[in-house]
Colleague: 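Mind having a look at this structure? Questions to follow.
Naming convention: chains lettered A, B, ... in sequence-line order (proteins, then strands); numbering from 1 in each chain. Treat the numbers as computed from the prediction; the structure is a model and nothing was measured.
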Protein chains: 2
Amino acid sequence: MGLVSKIQQLVDLSPEGAHWLSGNIETFSYKKNEKFFQAGRVCNYLYYIQEGMAGGYYMSDEQEVCNWIATEDDFATAYYSFISRKPSYESIECFEACTIQAISHTVLNELYLRFPETERAGRLILEEYYSRLEERLLSIQFKTAKERYTQLCDKRPEIIRRAPLGRIATYLGMKQETLSRIRAEK
Amino acid sequence: MGLVSKIQQLVDLSPEGAHWLSGNIETFSYKKNEKFFQAGRVCNYLYYIQEGMAGGYYMSDEQEVCNWIATEDDFATAYYSFISRKPSYESIECFEACTIQAISHTVLNELYLRFPETERAGRLILEEYYSRLEERLLSIQFKTAKERYTQLCDKRPEIIRRAPLGRIATYLGMKQETLSRIRAEK
DNA sequence: ATTACTTTTTGACATAAATCAAAAAAACAG
DNA sequence: CTGTTTTTTTGATTTATGTCAAAAAGTAAT
C-alpha cells in the first residue's frame with residue numbers, strides 16, 4: 001500500500017496522474033521517538049505512514065496531549081497547518097520506527113492544476129479530520145473514561161497493542177492513573 | 001451588512017460577481033423558537049443572520065446540546081452537512097426573531113464556476129469551523145466551567161445578554177445548575 | 001549482570017461538576 | 001389579571017476523575 005493508492009481511494013486519479021504523482025513522492029525513515037515535525041512551523045508536507053505508528057501532540061499546561069494516532073495507511077500530518085498555511089501548534093512523533101511517504105504542498109497544488117479531477121482531495125481529507133475532531137469532542141464530553149477506552153479497544157486495537165500508554169491516556173482525554181485503573185478492571 | 005459583504009470579507013469578489021450573487025440571495029424571516037433546519041436532512045443552504053440570534057444543537061442522550069450560537073453577521077449553517085452533502089445531526093433554532101439571508105449549495109457552486117477567484121470561500125469557512133471546533137475541544141477539556149463562562153463573557157457578551165441560559169449552559173459544556181452557581185458567584 | 005532512568009501501576013485523598021429534588025422567578029396563554 | 005408552564009436558582013448529596021506520592025515493572029546503557 002502507498003500514498004498513491006491512498007489518494008486513489010479519495011479521488012479519481014488517471015494512470016497518467018498516478019505516474020506523475022509517484023515521481024514526486026519523497027520517502028523518509030525515522031527512528032522510534034523521533035519527531036519529524038515540530039510545532040511552531042508551517043507544515044509543508046502531506047505525510048503518509050507506510051510502516052510504523054506515529055502521533056500528533058500539542059502542549060497544554062506544560063503537558064503533552066496526544067490528539068491523533070496514525071498507523072500504516074493513514075495520513076499523519078499537522079493537517080490544519082498544511083492547508084491553512086499557518087504555524088502549527090502540534091508536533092508529530094514516531095511511536096515506532098517509521099517509513100513515511102510525503103508530498104509537499106507545492107506538489108499537491110501542481111497535482112490539482114495538472115489533474116483537476118483531484119482537487120477534491122484536500123477538502124475530503126479536511127472533512128475527515130473535521131469529522132474525527134467532532135467525534136472526539138462528543139466522546140470526551142459525553143462518554144466516561146472507561147467507555148472511551150472500551151471504544152478504542154473495539155475500534156482500533158492496534159493502538160492498544162502498540163502505542164505507549166501515556167500517549168493513549170492523553171489521546172483518550174484522561175490521566176495515566178485513570179487509564180491504569182480502567183485497565184486493571186478488565 | 002449582508003451576505004454579499006460577508007463573502008467579500010473572505011474572498012475577492014468583483015462588482016460583477018457581487019451583483020450576480022445579490023440576485024441569487026434568498027431572504028427568510030423566522031419567529032423566536034422557530035427551527036429553520038431539522039437534523040436528519042442534508043443542509044442545502046448557506047444561511048447568514050442579518051438580524052437576530054440562532055443556535056445549532058444536536059441530541060445527545062436525550063438532551064439538546066447547543067454547539068454553536070450565531071448572531072448578526074455570522075453564518076448559521078449546519079456547515080459540515082452543507083459541504084459534505086451528508087445528513088446533518090444538528091438542527092438550527094432561532095433564539096430570537098430572525099431575518100436570514102441564504103444562498104443554496106447550487107448557487108454557491110455556480111458562483112465558483114462563474115467567478116473562480118471565489119472558490120476558496122468554502123474552504124475558508126470550513127477552516128473557520130474547524131478552528132472553532134478545535135478551540136471548543138481544548139476549552140471543554142482543559143478549562144474549568146467557570147473559566148469557560150468567564151471567557152464567553154469577555155469574548156461574546158451579547159450571548160450572555162440575549163441567549164437562553166439553558167442553551168448557554170450546554171454550549172459551554174456544563175449543566176444548567178452549574179451555570180447558575182457560577183453566575184451566582186459574580 | 002548491574003545500575004540508572006522511565007513508564008506504569010497502586011493507594012489515599014481531594015475536588016469540580018453532575019445528579020436529584022424542589023423552590024423561586026419569569027414567561028406565556030386566555 | 002390569573003393560572004399554568006417553563007426557566008432559573010438553590011440545597012444536599014454523589015461520583016468520576018484528578019492530584020499527590022510512592023511502589024513495581026520495564027527499558028536502556030554500560
Colleague: Could you check whether B/R167 makes a cation-pi contact with B/Y57, meaning its NZ or CZ is under 6.0 Å from the centre of the six-membered ring and within 45° of the ring axis?
Modeller: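 The answer is yes; both the distance and angle limits are met.
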Colleague: Please determine whether a side-chain nitrogen or oxygen atom of A/R183 lies at a distance below 4.0 Å from atom OP1 or OP2 of C/dT8.
Modeller: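 Result: no.
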Colleague: How many whole angstroms separate atom OH of B/Y149 from atom C1' of C/dA16?
Modeller: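 Rounding to the nearest Å, OH of B/Y149 and C1' of C/dA16 are 18 Å apart.
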Colleague: Send over the distance from A/I182 CD1 to D/dA16 C1', rounded to a whole Å.
Modeller: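 Whole-Å distance recorded here is 10 Å.
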Colleague: Consider the side chain of B/Q176, meaning its heavy atoms from C-beta on, and name the nucleotide among C/dA18, D/dT9, D/dT17 that approaches it most closely.
Modeller: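 The nucleotide sitting nearest to the side chain is D/dT9.
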Colleague: Within this structure, what is the NZ-to-P distance between A/K31 and D/dA28, rounded to whole angstrom?
Modeller: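 Distance, rounded to whole Å: 14 Å.
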Colleague: Rounded to the nearest Å, what distance is computed from the CZ atom of residue B/R181 to the P atom of nucleotide D/dT8?
Modeller: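 Computing the B/R181:CZ to D/dT8:P distance gives 15 Å.
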Colleague: I need the CG-P distance between A/L179 and D/dG18, as an integer number of Å.
Modeller: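 Taking CG of A/L179 and P of D/dG18, I get 10 Å after rounding.
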Colleague: Any base atoms under 4.0 Å from B/T144, or only sugar-phosphate, or nothing? Heavy atoms, all strands.
Modeller: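 It contacts sugar-phosphate atoms only.
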Colleague: Output the rounded distance in Å from CD1 (A/I140) to P (C/dA16).
Modeller: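 Computing the A/I140:CD1 to C/dA16:P distance gives 20 Å.
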Colleague: Heavy atoms from C-beta onward define the side chain here; which of D/dG18, C/dT9, D/dT9 lies closest to that of A/T178?
Modeller: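 Selected nucleotide: D/dG18.
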Colleague: Between B/K32 and B/G173, who's closer to the 5' end of DNA chain C by nearest nucleotide?
Modeller: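 It is B/G173, whose closest nucleotide lies nearer the 5' terminus.
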Colleague: Which sits closer to the 5' end of DNA chain C, B/N33 or B/M174, going by the nucleotide each is nearest to?
Modeller: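 Whichever sits nearer the 5' end wins; that is B/M174.
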Colleague: Would A/E177 and A/R181 pass as an ion pair if we require N to O under 4.0 Å?
Modeller: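 Salt bridge flag = no for A/R181 with A/E177.
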Colleague: Hey, is B/K6 close enough to B/E128 for a salt bridge, meaning N to O under 4.0 Å?
Modeller: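 Between B/E128 and B/K6 there is no salt bridge, as every charged N stays at least 4.0 Å from the carboxylate O atoms.
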Colleague: Calculate the interatomic distance between B/L165 atom CG and C/dA25 atom P; express it in whole Å.
Modeller: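 Those two atoms, CG and P, are 16 Å apart.
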Colleague: Ignoring backbone atoms, establish whether A/S180 has a side-chain N or O less than 4.0 Å from OP1 or OP2 of C/dT9.
Modeller: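 For C/dT9, OP1 or OP2 has a side-chain N or O of A/S180 closer than 4.0 Å.
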Colleague: Hey, are the side chains of B/Y171 and B/R136 touching, using non-hydrogen atoms and a 4.5 Å cut-off?
Modeller: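 With C-beta onward as the side chain, the pair touches.
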Colleague: D/dA16 phosphate, OP1 or OP2: any side-chain N/O from A/K146 under 4.0 angstrom?
Modeller: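 No, A/K146 has no side-chain N/O under 4.0 Å of OP1/OP2 on D/dA16.
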Colleague: Which nucleotide in the list D/dT17, C/dT8, D/dT10 gets nearest to the side chain of B/A184?
Modeller: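 The closest nucleotide is D/dT10.
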Colleague: Rounded off to whole Å, could you give me the CD1-to-P distance for the A/I168 and C/dT7 pair?
Modeller: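 One finds 14 Å between P of C/dT7 and CD1 of A/I168, rounded.
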Colleague: Do the two ring centres, one from B/F36 and one from B/F28, sit under 6.0 Å apart?
Modeller: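 No - the distance between ring centres of B/F36 and B/F28 does not fall below the 6.0 Å cut-off.
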